[in-house]
Colleague: 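Here it is: the structure, laid out below.
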Amino acid sequence: MAAPVHLSKLTSALRQLSPPEMEKFEAYLSSPYFEIPAGALPLFQYLRKFHPVYDEKKTDPEVIQKKAPALGNQKRQANYGSDLLKCLEQFLAIEDFKATPDSVDRHRLQAYKKYHLFEMFNKEHEQLLKALDQDAEQNFDTFYQRHVLTELALSGFDAKLNRTIQNDILPVIKELDVFYALKKLYYHCELRNRQQVLGTPYQEENIPYILEVLEPYNNEKFPFVHLFWNVYQMLKAKTFDEGEGYYMSLKHFFEHTAQSKPTLNVKEVINYASNYCLYWNSHGYNRAGAEALWWYELKLKHDLVVETGLIQPSDFRNIVSLSLAHSKPAVWIKQFIDTYSLYLPEEHRDTNSAFVKAQYHFSQKEYNVAMPLFQQAQVKEEPIFNAVVRRWQFMCLYEQDPTNVDLLLDFLSAYEKYILRNSDALHWAKDIFTKNILYSKKLLKATDNAKRKQLAENLKSENYFTGKEWLLKFL
């Protein structure tokens with residue numbers, strides 16, 4: 001049962017804290033340094049006994065008043081609850097501040113300057129600069145901190161005392177330029193990626209200048225710059241072959257660091273690389289599919305597929321589809337489905353589980369089991385997913401009975417109408433689905449050997465598209 005309304009926001013927030021965090025929060029509330037309102041600590045101590053479950057009976061205003069008279073009636077409890085919630089917000093802000101050493105270091109140095117403790121400032125400033133030089137990743141946080149340290153050193157009371165020709169602030173601008181260039185390149189990678197996948201607008205702006213600023217850092221001494229430089233060039237490529245050299249640079253980096261878990265920042269590079277492979281796999285490049293599976297196996301190895309207890313439905317589907325396409329053992333695929341379906345968001349669990357189970361049974365030629373599952377997998381608000389489901393349905397119907405031409409043609413006709421109705425949402429994928437339908441119809445109508453031979457020749461000369469190899473199997 002839920003907590004009463006007068007404490008519901010508070011109990012919802014407290015529920016997110018782990019037992020060690022609850023202990024730290026109580027220490028925070030007990031400290032005279034933070035000037036905690038009088039009723040916040042007693043209310044917390046009452047609620048802590050029930051953490052993390054706050055049912056309606058135990059948090060009823062009358063029950064609280066009876067068991068903890070000092071907390072008063074419902075109105076006073078609500079006021080204490082508001083005070084405690086504000087304390088929790090401040091506590092979380094402090095915890096986040098403590099978890100970001102760069103911010104703590106910056107504020108400490110600023111305090112040294114404020115109180116004219118210049119010797120302490122200079123000593124720690126030098127140590128922090130050395131630590132930045134030794135940072136293995138050299139990401140944009142490193143470059144930003146280097147800019148901040150340079151700015152702190154060249155500003156303030158002591159800097160004004162030394163107005164000489166050596167007191168040049170140009171390094172502040174230079175470090176800022178590098179930081180902004182890297183940050184912009186980072187976001188341009190996301191813009192390129194979204195343009196490729198979703199068709200959102202993309203304007204190149206001042207990319208040549210950005211790359212010029214970052215050129216001195218495009219090497220293995222600065223891995224983060226080097227990685228995102230290659231990500232951008234890879235995503236910019238018009239074909240899989242054109243971007244493959246940049247892609248391989250990314251893959252080699254992760255091959256050389258395969259034993260260590262990727263950091264949060266570098267993990268994004270894995271997503272860009274796998275998305276690149278998935279995009280070109282959708283255009284029929286088989287080796288791109290094998291590469292996409294390599295990245296998913298890397299994520300599985302380092303427990304990166306499940307985040308905060310959930311798996312992305314698209315990742316779940318992609319892993320199964322790629323594993324089937326590249327002959328992963330059936331036992332491994334079934335075990336993956338059984339294990340990871342439990343991590344799907346609840347609202348997506350039934351449809352996505354049904355789809356991958358249908359794929360699995362299709363691969364085992366259990367068509368009667370697969371077809372109802374494919375039907376269960378259709379979701380109105382996801383046109384691309386629905387179009388993919390329909391393609392698999394057609395393959396299942398065809399392999400089950402290729403002689404039932406009228407049924408198959410009717411299905412393709414309905415499939416084609418669905419693609420036309422959703423052409424805007426399908427973006428780049430529309431042409432792939434359309435071509436698949438076109439050749440599927442031709443397959444059904446190629447009734448003699450001469451026609452099938454001619455169709456096979458025509459199909460081989462086509463650019464890659466998803467389903468091309470499956471169609472060729474039957475010609």
Colleague: Tell me whether the guanidinium CZ or amine NZ of Lys184 lies under 6.0 angstrom from the six-membered ring centre of Tyr187 and within 45° of its axis.
Modeller: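 Geometry flag: not set, cation outside 6.0 Å or 45°.
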
Colleague: Please say which of Trp229, Phe228, Tyr232 ends up in a side-chain contact (heavy atoms from CB on, under 4.5 Å) with Leu214.
Modeller: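 Of the listed residues Trp229, Phe228, Tyr232, the side-chain contact (heavy atoms from CB on, under 4.5 Å) partner of Leu214 is Trp229.
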
Colleague: Would Ser18 and Glu21 count as having a side-chain donor-acceptor pair, cut-off 3.5 Å?
Modeller: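 Yes, Glu21 and Ser18 have a side-chain donor paired with an acceptor closer than 3.5 Å.
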
Colleague: Under the 6.0 Å and 45° cation-pi test, does Arg194 pair with Tyr202?
Modeller: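 No, Arg194 and Tyr202 do not form such a contact.
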
Colleague: Please work out whether the ring planes of Tyr285 and Phe240 are parallel, tilted or perpendicular, with thresholds of 30° and 60°.
Modeller: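 If you compare the ring of Tyr285 with that of Phe240, the planes turn out tilted.
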
Colleague: Is there a donor-acceptor pair under 3.5 Å between the side chain of Arg15 and the backbone N or O of Pro52?
Modeller: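 The answer is yes, because a donor-acceptor pair under 3.5 Å joins these two groups.
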
Colleague: Between Phe179 and Tyr144, what is the ring plane arrangement, given parallel below 30°, perpendicular above 60°, and tilted in between?
Modeller: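 Rings of Phe179 and Tyr144: tilted, as their planes differ by 30° to 60°.
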
Colleague: Within a 6.0 Å radius of atom CD on Glu23, are there more than 12 heavy atoms belonging to other residues, nucleotides or ligands?
Modeller: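 Open: at most 12 neighbouring heavy atoms sit under 6.0 Å from CD of Glu23.
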
Colleague: Does a salt bridge link Glu416 with Lys441, judged by any charged N lying under 4.0 Å from a carboxylate O?
Modeller: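 Looking at Lys441 together with Glu416, the answer is yes, because their closest N to O distance falls below 4.0 Å.
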
Colleague: Does a side-chain heavy-atom distance below 4.5 Å link Trp294 with Phe254?
Modeller: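 They are in side-chain contact.
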
Colleague: When you compare the side chain of Leu10 with that of Leu7, does any pair of heavy atoms fall below 4.5 Å?
Modeller: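 Heavy-atom side-chain distance check passes, below 4.5 Å.
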
Colleague: Evaluate the ring planes of Tyr398 and Trp470, with Trp represented by its six-membered ring, and classify them as parallel (under 30°), tilted (30 to 60°) or perpendicular (over 60°).
Modeller: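 Aromatic pair Tyr398/Trp470 classed perpendicular.
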
Colleague: Ion pair present between Arg146 and Asp133, side-chain N to carboxylate O less than 4.0 angstrom?
Modeller: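 Between Asp133 and Arg146 there is a salt bridge, with a charged N closer than 4.0 Å to a carboxylate O.
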
Colleague: Please determine if Glu62 and Lys57 form a salt bridge, counting it only when a charged side-chain N lies under 4.0 Å from a carboxylate O.
Modeller: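 Lys57 and Glu62: not salt-bridged.
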
Colleague: I'd like to know if the side chain of Thr466 and the backbone of Ser282 have a donor-acceptor N/O pair within less than 3.5 Å.
Modeller: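 Yes, Thr466 side chain to Ser282 backbone: donor-acceptor pair under 3.5 Å.
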
Colleague: Does Tyr209 have more than 12 heavy atoms from other residues, nucleotides or ligands lying within 6.0 Å of its OH?
Modeller: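 No, the 6.0 Å shell around OH holds no more than 12 heavy atoms from other groups.
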
Colleague: Using the side chain to side chain donor-acceptor pair (under 3.5 Å) rule, take Lys299 and Asn271 through it: C-alpha gap first, then chi angles, then the decisive distance, then the call.
Modeller: CA-CA 10 Å; Lys299 291 176 79 169; Asn271 294 332; 3.0 Å; yes

Colleague: How long is the straight-line distance from CG of Asn193 back to NE2 of His188, given to the nearest 0.5 Å?
Modeller: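 The NE2 atom of His188 sits 14.0 Å away from the CG atom of Asn193.
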
Colleague: So does Gln138 get a backbone contact from the side chain of Asp135, meaning a donor-acceptor N/O pair under 3.5 Å?
Modeller: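 The answer is yes, because a donor-acceptor pair under 3.5 Å joins these two groups.
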
Colleague: I'd like to know whether NZ of Lys473 has more than 12 heavy-atom contacts from other residues, nucleotides or ligands below 6.0 angstrom.
Modeller: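 Counting neighbours around NZ of Lys473, more than 12 heavy atoms of other residues, nucleotides or ligands fall under 6.0 Å, so yes.
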
Colleague: Ring-plane angle category for Trp280 and His283, please: parallel below 30°, perpendicular beyond 60°, tilted otherwise.
Modeller: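 Trp280 and His283: tilted rings.
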
Colleague: Once the angle between the rings of Phe222 and Phe143 is folded into 0 to 90°, is it parallel (under 30°), tilted (30 to 60°) or perpendicular (over 60°)?
Modeller: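 If you compare the ring of Phe222 with that of Phe143, the planes turn out tilted.
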
Colleague: Going by an N to O cut-off under 4.0 Å, is there a salt bridge joining Lys334 and Asp338?
Modeller: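 Yes, this pair counts.
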
Colleague: With a 4.5 Å limit on heavy-atom distance, are the side chains of Arg421 and Tyr418 in contact?
Modeller: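 In contact.
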
Colleague: I'd like to check Glu95 versus Lys24 (side-chain heavy atoms, cut-off strictly below 4.5 Å). Are they in contact?
Modeller: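 With C-beta onward as the side chain, the pair touches.
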
Colleague: Looking at Phe474, is its backbone amide N or carbonyl O close enough to the side chain of Arg452 to form a donor-acceptor pair, meaning the two atoms are under 3.5 Å apart?
Modeller: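 A pair under 3.5 Å: yes.
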
Colleague: For residues Val231 and Val269, determine if any side-chain heavy atom of one lies less than 4.5 Å from a side-chain heavy atom of the other.
Modeller: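 Counting from C-beta outward, Val231 and Val269 do come under 4.5 Å.
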
Colleague: Could you tell me which residues satisfy side chain to side chain donor-acceptor pair (under 3.5 Å) with Asn352, sequence neighbours excluded, listed by chain and number?
Modeller: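 Checked Asn352 against side chain to side chain donor-acceptor pair (under 3.5 Å); matches are Arg317.
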
Colleague: Check whether Tyr464 forms a cation-pi arrangement with Lys468 (NZ or CZ under 6.0 Å from the six-membered ring centre, at most 45° off the ring normal).
Modeller: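 Pair Lys468/Tyr464 counts as cation-pi.
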
Colleague: Which residues satisfy the side chain to side chain contact (heavy atoms under 4.5 Å, CB included) test with Met22, sequence neighbours excluded?
Modeller: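 Expected list: Leu14, Leu17, Phe44, Arg48, His51, Tyr54.
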
Colleague: Is the closest side-chain heavy-atom distance between Phe50 and Asp55 below 4.5 Å?
Modeller: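 Side-chain contact under 4.5 Å: no.
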
